[in-house]
Participant: 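Okay, handing you the structure first.
Note that the coordinates shown come from a computational prediction; the quantities given were computed from them, not determined experimentally.
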Protein chains: 2
Amino acid sequence: MIPTELLEKYGALKKVFDKMAIIFEEGNLPAYYYQIVSGEVKMSNYNDDGREFIQGIFYKEQSFGEPPLFLNQNYPANAIAVEDSEVLLLSKNNFMKLLEENPSVSIKIIQNLAQRLYYKSVMAAEMSTQEPEHRVLKLMDHGIAYFNFQKDENGYLINFTRQQIGDLTGLRVETVIRTIKALEKKGVLKIINRKVYR
Amino acid sequence: MIPTELLEKYGALKKVFDKMAIIFEEGNLPAYYYQIVSGEVKMSNYNDDGREFIQGIFYKEQSFGEPPLFLNQNYPANAIAVEDSEVLLLSKNNFMKLLEENPSVSIKIIQNLAQRLYYKSVMAAEMSTQEPEHRVLKLMDHGIAYFNFQKDENGYLINFTRQQIGDLTGLRVETVIRTIKALEKKGVLKIINRKVYR
DNA sequence: TCCATTTTATGACTTTAATCATAAAACAGA
DNA sequence: TCTGTTTTATGATTAAAGTCATAAAATGGA
């Protein structure tokens, strides 16, 4: 989102996180601005009995973890590399200096936060209605617009596992599997050797 | 959040909305920046069978409805006056000009969006865990920090109706009533002639 | 002050997703 | 290629919130 050269000009350093590596943890105070160069990162919570809720999944050129950075609050979730990933880290002070000296970046940040707030609003409304079919469809349609789903002759490939869909919608795997089957029967999506197309 | 004088300098006009009046509707394109002078506004969705989900409640000096304004997207929810309210409206063009010419306001906007994203993240994780007691408590504790709950000798008065708590947490009124009773029995909150204190 | 509406409350019952158990298929690493 | 792990899958059962019915208390207008 912020050009790499600009970040590096302010002293950003590239760091490599192996798959599964923890980038930051819930409860800690933010110290850096994070922007992905390559790979995939998820932000998620684990509740008392180990159940995961995925707040969001981020891909190359996307940033994550800014809200608590701006607010001086503890991270409300963990950031974990889903794949081997390269991430640019810029210390808070330097990031703030970058913002001050480059007002156009502020607008970018605002738009990015607005986008994520929009997603959260839509999903919150959807999750409260409780109907699994609604939740799953909304997530997929959102993913088509904002995650990097690829289109081929069968439609958009939803490249999430059933478990991930469950963790993003607050449903259990079995429920997701049964829901997807039901949606296929209704003809609103296709399952071609276990992969879901919409 | 943005000083009244600054908004008025850029041509903002004060508009009065009676209790229950619709300020904007889901699906419409944004045209204004909205900031409350007095009163109370809720943003909410109604699903197919008329059930309401409250995205958030806003009070004096707070703004609402900016994300879609920045993104040129349709409103994902309705804004409705909960009480008779005065609201400052500033047209999109003038608002953008204000932002460009007053970079410090951008930082305010960023912090505000970050705060709301933080709330949504916490509630989303909480709502996915499904346990009513968790959801209700989290909402109350959030409310103590961010809504204007008043403290007296019994603790903080949670001035939401059971119905509102339900609409904010995705639970039914009866469930909220039973949950609050259970929480009282556990001693984590007080009910004094039907009012809830925490 | 009176009356209609809203809010809180409670019990009975129903529905639905979670849970538990189990297994086949696919995948990844040695 | 073999093997352990992950992913998808399905059936049976359970638990828990939703639904429905009903009503008392509180509130707010007229």
Participant: Want to settle it: does A/K19 or A/L171 sit nearer the 5' end of DNA chain C, counting the closest nucleotide to each?
Facilitator: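 Looking at DNA chain C, the more 5' nearest nucleotide goes with A/L171.
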Participant: Between B/K181 and C/dT10, does any side-chain N or O lie under 4.0 Å from OP1 or OP2?
Facilitator: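 Yes, because at least one side-chain N or O of B/K181 sits under 4.0 Å from OP1 or OP2 of C/dT10.
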Participant: Which whole-number value in Å describes the distance from A/I191 CD1 to D/dT7 P?
Facilitator: 17 Å
Participant: Is the shortest side-chain N/O distance from B/R178 to OP1 or OP2 of C/dA9 below 4.0 Å?
Facilitator: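 No, no such contact exists.
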Participant: Report yes if a side-chain nitrogen or oxygen of A/R172 is closer than 4.0 Å to either non-bridging phosphate oxygen (OP1 or OP2) of C/dA18; otherwise report no.
Facilitator: no
Participant: Any side-chain to backbone donor/acceptor pair from B/S85 onto B/E40? Under 3.5 Å, distance only.
Facilitator: yes
Participant: Please report the distance, rounded to the nearest Å, between CD1 in B/I180 and C1' in C/dT8.
Facilitator: 10 Å
Participant: Could you state the CD1-C1' distance from B/I177 to D/dT19, rounded to the nearest angstrom?
Facilitator: 14 Å
Participant: Counting just side-chain N and O atoms, does A/T175 come under 4.0 Å of either OP1 or OP2 of C/dA18?
Facilitator: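 True: A/T175 side-chain N/O within range (under 4.0 Å) of C/dA18 OP1/OP2.
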Participant: Decide yes or no for B/R116 and B/E66: does some side-chain heavy atom of the first lie under 4.5 Å from some side-chain heavy atom of the second?
Facilitator: yes
Participant: Measure CG/B/N193 against C1'/C/dT8 and give the value in whole Å, please.
Facilitator: 12 Å
Participant: Do B/K120 and B/Q55 have side chains that get closer than 4.5 Å, going by heavy atoms?
Facilitator: yes
Participant: Do A/R51 side-chain atoms and A/G170 backbone N/O form a donor-acceptor pair below 3.5 Å?
Facilitator: yes
Participant: Starting at the 5' end of DNA chain D, which residue's closest nucleotide do you reach first, A/Q163 or B/V176?
Facilitator: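 Looking at DNA chain D, the more 5' nearest nucleotide goes with A/Q163.
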Participant: Can you check the A/R194 CZ to D/dT10 P distance for me, whole Å?
Facilitator: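 Between P of D/dT10 and CZ of A/R194: 9 Å.
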Participant: Tell me whether the OP1 or OP2 atom of D/dA26 has a side-chain N or O from B/K195 closer than 4.0 Å.
Facilitator: no
Participant: Taking side-chain contact (heavy atoms from CB on, under 4.5 Å) as the criterion, tell me which of B/F95, B/Y10, B/F64, B/F70 meets it with B/Y33.
Facilitator: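 It is B/F95; the other options fail the test.
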Participant: Grab the CD-P distance between A/E52 and D/dT7 for me, whole Å please.
Facilitator: 11 Å
Participant: Given D/dT8, C/dA18, C/dT7, identify the nucleotide with an atom nearest to the side chain of B/T161.
Facilitator: C/dT7
Participant: To the nearest Å, how far apart are A/E174 CD and D/dA15 C1'?
Facilitator: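 After rounding, the gap between these two atoms is 15 Å.
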Participant: Students often get this wrong, so: under 4.0 angstrom with heavy atoms, is A/G166 touching a base, only sugar-phosphate, or nothing?
Facilitator: nothing
Participant: Please report the distance, rounded to the nearest Å, between CE in A/M20 and P in D/dT6.
Facilitator: 8 Å
